[in-house]
Colleague: 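Below is the structure I would like to discuss, written out as structure tokens.
Note that ligands are numbered from 1 as they come in the structure, with each ligand's atoms numbered from 1 the same way.
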Amino acid sequence: MKVLLALLLLICAPVLANSQQPQLTYALRYSAPGSERVRVTIALPDAQAAPLTLVMPRAIPMGYGEQQFDRYVDPVLAFSNLGEPLPVRRTDGPRWVIGKAGVRVRRIEYEVNLARMEREILGASDSSMVRPAYVGLLGYSIFAFVDGFEDQPIRLHIDGPAAWPIFSTLAPRMPAATGSTAAQAASFYVLADSQIAMGPKLQVQRLTGAVPLFVALYAEGGVDIELHGKLALEAMEQVIAYFGGAPFPHYTILIELLRPVSPEHRYGFSMEHLDSSTYYLGMDRGITSKSSAEQRDRERFNFAHHIAHAWVPKRAYGEGYFPFTWELAPVIDTIWLSEGFVRYLAIEVSSAGRPESESKAYRQRMLDGLRGIVAESPAFIRRMTLVELSRVGSTRYSEDFRTGRNLFSRGALMAAEMDERIRERTAGKKSFRDGMRSLMTWSVRYRRAFHIEELPAILAEGTGVDTREVMEKWLRPL
Ligand SMILES: [Zn+2]
């Protein structure tokens, strides 16, 4: 699997632009503790002919829904190559037209109101936040792009209040209390998919695994970062071993354990990214020395699930995942695979390493739970094919979690039956894992989305077993 690892690192490594050449630069400034706003300045590589269009994301990669982050952007300012202010006009959708014909644009500046964002976005996992001694920023909630510049490498400068430690998932390191840092992103997608955390209340831990693992944590109560780190490292090592290599040079687990902003706010969803995952949870999910074995199991499983998404769908995906459409959530046919197969493999890695009887019982319990979810679903959802359900879930996965739960349950049960068939036909020599490794190899080789019809052949390349019949059975209405 060394070849796979090398190839993956190659396609995922940031493009290091020559520092002598003009480069697209983003400067993010959070000026003072307690401030509700961040300011972002985009400096174009050269003054560009106006008009340009500035676009703020409304869709989140793998978010299966929309958030109108443009609502929190105000004001937007622009300047010419001579430093003169330029006209800015808001248009339909999350867009601003910058400048007018005959002038050149050098710089665009805007502010994002983070406090309002957190008040109005009720799903904690979709919002950035400010506290008196901490700021947590999701890239796609604060970074806009200039239409046509999405594929250019970006230099990012981050400034915070004096002596604040600043952490970026793009260049993770133990943060010094310097109030500034810098990083590089290969494209807007990579920048938007990253996170920034800063402030005296930010805790960071660096752990050594197959790749360096960083755990960044902010908690509004007493928790043990070392215990969170131990579970996260176990999960990361399990998933890397499952795939036979890591597709990232480092990985970050960013945890925020929060007291609710209002009774309407929801805490509990986590989100996967290319080289990191975010866990914006209620304080009840904090791990201390008093936490039960079940709670530790649950958190380790949640880490494993979201770390595994760095492979599927972040790097091996069906149509709609990539290239990503930032202004409207894409309609995706394969959420059952991304969520279901990954849930199944998280069950597999979580049951491994236990005594055999315990491992079997764990797997049985988890699969029974999924069968229970399907059995208790409303008939109209059971009657939908998995592709129909996936299209509905593309915008309502967590908003109406009946769709999300059915997608991951039916997808995971499909994977379990595929695994049983592969093991049976190969007398235990091959398993679903070999199919997943084959899917990764295929995705690295072809660098495109797979089609559903191609899946059985891709999986069979690693296992020698045809699972088409199992797939087609589970795709049909129940
Ligand atoms: Zn997931």
Side-chain angles (χ1 to χ4, degrees), residues 59-67 123-126 138 140 193 195 231-232 235-236 238-240 242-243 247-248 251-255 266-281 285 297-318 320-322 324 329-350 366-367 369-370 373-374 386 389-416 432 436 439-440 443 449 474:
I60 297 169
M62 278 100 261
Y64 311 131
E66 282 164 20
Q67 294 296 348
S125 60
D126 289 347
L138 290 163
Y140 37 71
D193 192 61
Q195 299 85 47
L231 297 175
M236 184 184 83
Q238 287 169 340
V239 179
I240 290 176
Y242 186 92
F243 282 101
F248 35 64
Y251 194 83
T252 299
I253 298 270
L254 175 54
I255 306 170
R266 296 185 306 270
Y267 299 83
F269 280 93
S270 310
M271 182 57 76
E272 56 276 11
H273 311 279
L274 284 167
D275 304 335
S276 61
S277 40
T278 40
Y279 306 83
Y280 296 176
L281 307 170
R285 299 283 294 272
D297 271 356
R298 180 185 172 188
E299 297 309 324
R300 190 191 300 103
F301 179 87
N302 197 38
F303 290 143
H305 170 127
H306 290 92
I307 294 169
H309 277 317
W311 282 260
V312 180
K314 296 300 276 190
R315 292 173 172 93
Y317 47 86
Y321 279 104
F322 193 82
F324 188 66
V331 175
I332 296 171
D333 288 354
T334 53
I335 299 178
W336 49 272
L337 185 149
S338 307
E339 294 302 331
F341 283 22
V342 161
R343 185 155 295 252
Y344 180 70
L345 84 80
I347 293 172
E348 281 290 282
V349 301
S350 302
M366 297 297 272
L367 293 181
L370 299 172
I373 288 170
V374 175
L386 272 188
L389 192 56
S390 187
R391 289 178 183 167
V392 173
S394 296
T395 51
R396 274 161 282 180
Y397 188 90
S398 57
E399 205 59 42
D400 187 335
F401 200 32
R402 297 177 302 176
T403 63
R405 270 204 295 265
N406 260 269
L407 281 163
F408 74 64
S409 300
R410 285 162 69 175
L413 291 167
M414 180 199 292
F432 183 72
M436 292 305 278
L439 181 62
M440 286 309 300
S443 299
W474 280 98

Colleague: So, F401 versus F269, ring centres under 6.0 angstrom or not?
Modeller: yes
Colleague: Find out whether W311 and P247 are in side-chain contact, i.e. whether some heavy atom of one side chain is under 4.5 Å from a heavy atom of the other.
Modeller: yes
Colleague: Check the angle between the aromatic planes of Y321 and Y64 and answer parallel, tilted or perpendicular using the 30° and 60° thresholds.
Modeller: perpendicular
Colleague: Can you find a side-chain donor-acceptor pair between S277 and Y251 that sits under 3.5 Å?
Modeller: yes
Colleague: Under the salt bridge (charged side-chain N to carboxylate O under 4.0 Å, His left out) rule, what pairs show up with a residue in residues 299-308, not counting sequence neighbours?
Modeller: E234-R300, R285-E299, D297-R300
Colleague: Let's test this: below 2.8 Å, count the protein N/O/S atoms around the Zn ion (ligand 1).
Modeller: 3
Colleague: Just checking, any donor-acceptor pair under 3.5 angstrom between side chains of Q195 and S276?
Modeller: yes
